[in-house]
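Only one structure is covered here, and it is reproduced in the block below.
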Amino acid sequence: MTMSVEQLVSAMTPEIYDNLKTAVELGKWADGTPLTAEQKEHSLQAVIAYQALHLDQTDHMTVAAGGELNVKSKAALKTQFSDQPIVGDDDIGRFKP
């Protein structure tokens, strides 16, 4: 019996998603066995499909709900991760040697 991508992603639990994502990021399974090129390709496709269907990602360079690529600017990321919001370019100093 062959599963469609939609059926596969619908059957994935958050734990399976996390395990696949970690395996793709590290290039090896939890037991240390390296992923083959085919395993990495299929696992990455499953992770992207899961993100597109189940997650509302707001991080830089992720797949948003509906399959759209979600990209944040450098300024938006700095604002997100800093204690004080960045107002403009006056926060940057430029010096000539």
Side-chain angles (χ1 to χ4, degrees):
M1 174 180 219
T2 304
M3 292 180 84
S4 70
V5 174
E6 292 82 13
Q7 291 171 323
L8 174 72
V9 173
S10 295
M12 283 176 60
T13 64
E15 182 181 5
I16 291 172
Y17 162 75
D18 287 336
N19 290 340
L20 286 175
K21 184 178 172 197
T22 300
V24 169
E25 289 171 347
L26 299 178
K28 58 185 176 181
W29 297 110
D31 68 357
T33 305
L35 273 74
T36 66
E38 186 177 29
Q39 288 173 332
K40 189 169 187 174
E41 179 183 342
H42 292 156
S43 297
L44 181 58
Q45 288 175 0
V47 166
I48 290 171
Y50 185 92
Q51 287 178 343
L53 294 175
H54 295 291
L55 302 182
D56 187 21
Q57 293 283 336
T58 58
D59 295 336
H60 181 68
M61 294 294 291
T62 59
V63 180
E68 293 182 27
L69 186 61
N70 185 14
V71 180
K72 283 192 175 183
S73 69
K74 189 174 181 180
L77 287 171
K78 283 183 178 181
T79 301
Q80 179 180 344
F81 293 110
S82 71
D83 292 337
Q84 300 174 350
I86 296 174
V87 177
D89 286 345
D90 14 335
D91 296 336
I92 298 174
R94 291 190 172 84
F95 304 93
K96 290 186 179 183

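Everything quoted here is computed from the prediction, not taken from an experiment. If you read the sequence from its start, that first residue is 1, and numbering goes on from there.
Closest heavy-atom contact between Leu20 and Met12: CD1-CE, 3.7 Å. Residues Val9 and Ala46 approach most closely at CG2-O, 4.5 Å, considering heavy atoms. Here the shortest heavy-atom pairing between Leu35 and Trp29 reads CD1-N, 3.5 Å.
In this structure, Tyr50 OH and Leu8 CG are separated by 11.5 Å, a value rounded to the nearest 0.5 Å. Between the CD atom of Glu25 and the CG atom of Leu44 there is a distance of 10.0 Å, given to the nearest 0.5 Å.
Leu53 and Tyr17 fall within a single hydrophobic cluster, where Ile, Leu, Val, Met, Phe, Trp and Tyr are joined by side-chain heavy atoms under 4.5 Å apart, directly or via other members.
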